[in-house]
There are 2 protein chains.
Amino acid sequence: MKKKRTTIYDIAEKLNITASSVSRALNNSNYVNENTKQLILKTAAELNYKRNTLASNLRKGQSKTIGIIVPRINQNFFSNVIAGIEDATYEKGYNLIICQSNESQEKEIKCVNTLINQQVDCIVISISADSSDYKHLKNVLDHGIQLIQFDRVIDELETLKVINDNEQASFEAVSHLIEQGYKRIALLKGPQNLDIFKQRKVGYLAALNKYSLPVIDELIIENAWTKELGAEATRKLLSLPEPPDAIFASTSDFSALGVLEVATAMGFKVPNQLGILGYANEAFTELTSPSITTIDQFSVYMGRTVADLYFKEMENKDTLVVPKTISIKPKLIIRSSTSRKK
Amino acid sequence: MKKKRTTIYDIAEKLNITASSVSRALNNSNYVNENTKQLILKTAAELNYKRNTLASNLRKGQSKTIGIIVPRINQNFFSNVIAGIEDATYEKGYNLIICQSNESQEKEIKCVNTLINQQVDCIVISISADSSDYKHLKNVLDHGIQLIQFDRVIDELETLKVINDNEQASFEAVSHLIEQGYKRIALLKGPQNLDIFKQRKVGYLAALNKYSLPVIDELIIENAWTKELGAEATRKLLSLPEPPDAIFASTSDFSALGVLEVATAMGFKVPNQLGILGYANEAFTELTSPSITTIDQFSVYMGRTVADLYFKEMENKDTLVVPKTISIKPKLIIRSSTSRKK
DNA sequence: TTTAAATATGCAATCGATTGCAGAAAATTT
DNA sequence: AAATTTTCTGCAATCGATTGCATATTTAAA
């Protein structure tokens with residue numbers, strides 16, 4: 001039941017002119033008589049004409065479309081970033097094609113290929129936890145497509161990047177814990193193939209170092225980035241002969257939530273006996289009791305930044321794109337879970 | 001710095017054959033010699049060929065793209081639905097173009113036009129709270145594009161629909177409150193131009209009626225669908241000479257959260273003095289204290305359902321699309337905020 | 001061996017919009 | 001009034017892939 005759509009030829013025929021003029025009028029070119037232009041516009045409206053963007057893009061060799069690849073669309077941080085990008089790109093008439101990699105490199109590669117096929121002008125990506133190499137990203141560049149990495153970036157790959165200063169944030173977070181009097185601070189680490197988690201560890205170590213606290217290996221836990229894994233890690237940590245007096249879930253607030261639940265269940269008083277610090281400022285962190293201290297990443301703003309960066313780079317097409325990194329300083333949000341009554 | 005991409009002509013030239021054969025090989029047609037096909041495939045890989053989807057779609061008159069319009073991308077319910085759609089469509093090689101209407105009809109119209117321009121095969125929409133008429137949606141159908149409404153649907157518009165049974169859910173929720181012994185149950189209503197909110201009110205009234213409870217007008221509050229408005233409404237309600245003993249925030253969990261905060265601040269004991277019931281089963285509802293009773297809408301599943309519905313309809317192209325509604329039964333999640341110790 | 005059928009390949013048009021070039025018509029200058 | 005410039009409009013090619021039709025080649029059947 002496909003209806004035939006109105007094309008510029010239909011308009012041209014009706015007005016006894018050529019498609020060229022119609023095209024010019026619709027693109028508001030100066031090379032059409034003003035009267036003709038108005039007439040064309042009027043007729044286009046009457047016939048309910050809608051430009052075929054496929055044809056237009058094909059001809060022009062650009063799609064005014066930006067592809068986005070994130071591990072999960074329905075994860076707060078990412079959906080916020082996307083909202084930010086949408087906001088900024090919409091005004092400029094750009095479209096977004098969104099893909100989720102589900103944390104799998106295999107799907108990530110497929111997403112990249114789909115987006116290249118779609119002739120997107122730019123690909124914005126936060127790589128999956130599973131990604132070990134990045135031939136597929138090199139490929140993007142080889143196809144002359146702009147590539148912007150955000151948050152989870154591959155450092156060696158020279159592209160535009162928008163990141164959080166994870167090291168600094170982590171440093172401030174752990175410093176805060178120490179200043180609150182915590183001395184045995186455990187760290188829940190994320191997958192170390194992602195730089196963001198490495199950096200958070202560096203910040204943690206730097207803070208311990210600054211305050212001359214020892215690094216205790218048994219308090220550093222690998223890969224505890226879901227609520228369940230956070231809970232499990234906490235069970236072990238709190239059963240140690242010398243349990244920690246604070247846990248920094250550098251992986252996520254979900255992990256911190258797992259910590260909180262187990263700690264409460266095991267009868268540890270938060271924040272007095274145990275301090276808890278999360279990462280990402282998920283909405284729920286201010287609702288738990290006690291509310292959880294965390295780090296805000298300005299996710300929507302991050303999205304806007306990505307978009308603005310793209311547009312700025314596009315302005316000077318002639319010059320080669322110079323790899324550039326914009327680092328956003330996250331903010332420590334101090335709540336009850338680390339506020340010891342002194 | 002645009003690099004020239006490999007086209008089927010490049011491959012054809014290199015192998016001294018025509019583009020037709022290349023195209024056939026790449027589409028796995030039977031009308032190419034097996035050897036030639038393999039050779040073409042190999043060469044395509046070598047030259048890092050990527051199909052130009054724009055050209056292909058233009059020629060084929062379909063885009064294998066689905067457009068989605070939601071009020072807000074970064075709202076849990078919607079991002080979950082999108083994730084569900086993505087999941088189901090990805091396997092079939094479909095792309096998603098996502099737009100947000102920001103609850104504004106004006107932007108919604110623009111989104112619709114963009115998607116029509118993009119030649120999407122289908123538009124999936126949950127209308128904005130601001131939408132009063134629906135010429136723009138009629139327009140979608142006029143262009144021969146499949147239209148699927150979900151959650152916030154316009155009843156009169158005959159399209160495919162995937163909804164929650166809001167009335168039933170609301171009825172069960174209020175019945176539950178009554179069975180817990182609550183007698184003066186307030187209702188926080190959403191914008192009544194959205195059917196979902198009307199239906200929730202109907203369910204509320206039906207439950208009162210079933211248990212022969214009177215409808216008390218001063219307990220029914222208009223438009224309280226954000227946390228702030230929910231809080232404000234609660235302040236008024238609890239200051240009444242005869243305050244309610246339960247509040248059903250039929251608008252959202254955010255609203256219910258506002259209720260909870262104000263109630264706690266005003267010294268009302270939840271659930272004993274005041275029962276609170278929300279809507280949507282946002283993640284935080286199980287984290288508040290007390291945890292909030294709410295209604296789960298199976299959002300990811302809803303997305304899958306939308307996608308499946310589309311594909312099923314597509315199978316029989318010849319026959320006209322018959323308007324059809326799939327109603328998903330939401331589930332009451334009973335938590336502490338309405339569990340009175342008897 | 002001749003004829004019919006099956007298989008492979010090429011030709012050329014098509015999808016709809018855009019744009020460089022050329023020429024006609026009108027407006028301006030000398 | 002002639003020469004020059006400006007303003008419009010049309011022609012035709014182009015973007016890259018697809019596909020109906022025709023033709024050539026091979027294989028199978030009579």
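Just so we're clear, the structure is a prediction, and the values are computed from it rather than from any experiment.
Put simply, A:Thr7 has no side-chain N or O that comes within less than 4.0 Å of OP1 or OP2 on C:dG16. Put simply, A:Thr18 has no side-chain N or O that comes within less than 4.0 Å of OP1 or OP2 on D:dC11. A close approach under 4.0 Å does occur between a side-chain nitrogen or oxygen of A:Tyr49 and OP1 or OP2 of C:dA17. An OP1 or OP2 oxygen of D:dA17 is reached within less than 4.0 angstrom by no side-chain nitrogen or oxygen of B:Ser56. Distances shown here put a side-chain N or O of A:Asn27 below 4.0 Å from the OP1 or OP2 atom of C:dT18.
Contacts of A:Ser23 with the nucleic acid, taken as non-hydrogen atoms under 4.0 Å apart, include base atoms. At the heavy-atom level, B:Thr36 lies under 4.0 Å from the strands shown only through sugar-phosphate atoms. The residue A:Leu26 sits apart from the nucleic acid: no heavy atom pair falls under 4.0 Å. Here B:Asn57 lies out of heavy-atom contact (under 4.0 Å) with every strand.
For the pair A:Ser23 (side chain) and A:Ala19 (backbone), a donor-acceptor distance under 3.5 Å is absent.
Per the geometry, CZ belonging to A:Arg5 stands 10 Å off P belonging to C:dA17, to the nearest Å. For the pair A:Lys60 NZ and C:dG16 C1', the computed distance is 13 Å after rounding to whole Å. Across the protein-nucleic acid pair, B:Gln62 atom CD and D:dT19 atom P stand 10 Å apart, rounded to whole Å. We find that CG of B:Asn33 is positioned 11 Å from P of C:dG10, with the value rounded to whole Å. Look at OH on B:Tyr31: it is 15 Å from C1' on D:dT23, rounded to the nearest Å. Straight-line distance from the CG atom of A:Asn30 to the C1' atom of D:dT7: 10 Å, rounded to whole Å. Whole-Å rounding puts the B:Ile40 CD1 to C:dA8 C1' distance at 11 Å. Here D:dA17 presents its P atom at 13 Å from CD of A:Gln118, a figure rounded to the nearest Å.
At a cut-off of 3.5 angstrom, the base of D:dG20 holds at least one donor-acceptor pair with the side chain of B:Arg24. Interface remark: the A:Ser20 side chain does form a donor-acceptor pair with the C:dT19 base, using a distance-only criterion of under 3.5 Å.
Between B:Gln119 and A:Thr53, the side chains place no donor N or O within less than 3.5 Å of an acceptor N or O (distance only, hydrogens not considered).
Proximity note for A:Ile8 (side chain, C-beta onward) versus C:dG16, C:dT18, D:dG10: the nearest is C:dT18. The side chain of B:Ser21 sits closest to C:dG10 out of D:dT9, C:dA17, C:dG10.
Nearer the 5' end of DNA chain C, as judged by each residue's closest nucleotide, is the contact made by B:Lys37, out of B:Lys37 and B:Gln119. A residue-by-residue look at A:Leu54 and B:Ile17 shows that B:Ile17 has its nearest nucleotide of DNA chain C further toward the 5' end.
In summary, B:Glu156 and B:Lys138 do not engage in a salt bridge, as defined by a charged side-chain N under 4.0 Å from a carboxylate O.
Listed by chain and residue number, B:Gln105, B:Lys135 satisfy the side chain to side chain contact (heavy atoms under 4.5 Å, CB included) test with B:Asp133 (two or more places apart in sequence, or in another chain).
Note on ring orientation: taking the six-membered ring where Trp is involved, the planes of A:Tyr94 and A:Phe311 are perpendicular (angle over 60°, cut-offs 30° and 60°).
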Which is it for B:Glu103 and B:Ser128 under the side-chain hydrogen bond (donor to acceptor under 3.5 Å, both in side chains) test, yes or no, and what are the steps along the way?
-> CA-CA 4 Å; B:Glu103 302 285 10; B:Ser128 86; 4.8 Å; no

